[in-house]
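First the structure, in the form of structure tokens, and then the observations on it.
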Amino acid sequence: MLSEITKNNIKGINMNSILFKDHQFDFDSDINQSVVNDDCLVFFNNDVEVLIYISIEDGQLILRPRNGVSFQKTGTRKYQIIKNR
């Protein structure tokens with residue numbers, strides 16, 4: 001499953017957006033690497049460090065943030081992922 005990344009400006013912050021299993025994730029444009037397949041969506045920092053791992057298990061959205069990232073629910077099935085500075 002390929003998801004297209006779109007570019008947005010949200011409250012003056014340059015953000016990218018990706019759709020995964022009917023959930024929209026807006027993420028900091030500083031996060032430049034992501035991998036998506038039928039099972040999960042993973043965001044990376046510098047191609048090696050996992051920032052956040054997203055999956056759906058038993059119909060539930062599972063968000064597993066790692067160091068250096070936070071997330072916020074901004075709407076129904078819509079989340080914002082921000083790299084901590």
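Treat the numbers as computed from the prediction; the structure is a model and nothing was measured.
- To the nearest 0.5 Å, the span separating CG on Leu51 from OG on Ser34 amounts to 11.0 Å.
- Distance check: Ser70 OG to Asn84 CG gives 4.5 Å after rounding to the nearest 0.5 Å.
- Heavy atoms only, all atoms of each residue included: Ile56 and His23 are closest at CD1-CE1, 3.9 Å.
- Annotation: side chain to side chain donor-acceptor pair (under 3.5 Å) contacts of Thr74 (sequence neighbours excluded): none.
- Taking both residues in full, the closest heavy atoms of Leu19 and Asp22 are given as CD1-C, 4.0 Å, listed atom of the first, atom of the second, then distance.
- Closest of all the heavy-atom pairs between Lys21 and Asp38 is NZ-O, 2.7 Å.
- Contact detail for Asp39 and Ser55: the closest heavy-atom pair is O-CB, 3.5 Å.
- Evaluation of the salt bridge (Lys or Arg N to Asp or Glu O under 4.0 Å) test over residues 50-73, restricted to residues two or more places apart or in two chains, returns Glu57-Arg64.
- Once rounded to the nearest 0.5 Å, the distance linking CD of Gln80 with CD of Gln24 reads 10.5 Å.
- Connection of Leu61 to Phe43 is established within a shared hydrophobic cluster, with ILVMFWY side chains joined at heavy-atom distances below 4.5 Å, either directly or through further cluster members.
- For the atom pair Asp26 CG and Ile82 CD1, the distance stands at 9.5 Å (nearest 0.5 Å).
- The minimum heavy-atom distance linking Ile81 with Met15 is given by the pair O-CE, 4.1 Å.
- Within the structure, every pair that satisfies the ring pair (Phe, Tyr, Trp, His ring centres under 6.0 Å) test and touches residues 66-85, not counting sequence neighbours, is listed here: Phe25-Tyr79.
- When all heavy atoms of Phe44 and Val50 are compared, the pair lying nearest together is CE2-CG2, 3.7 Å.
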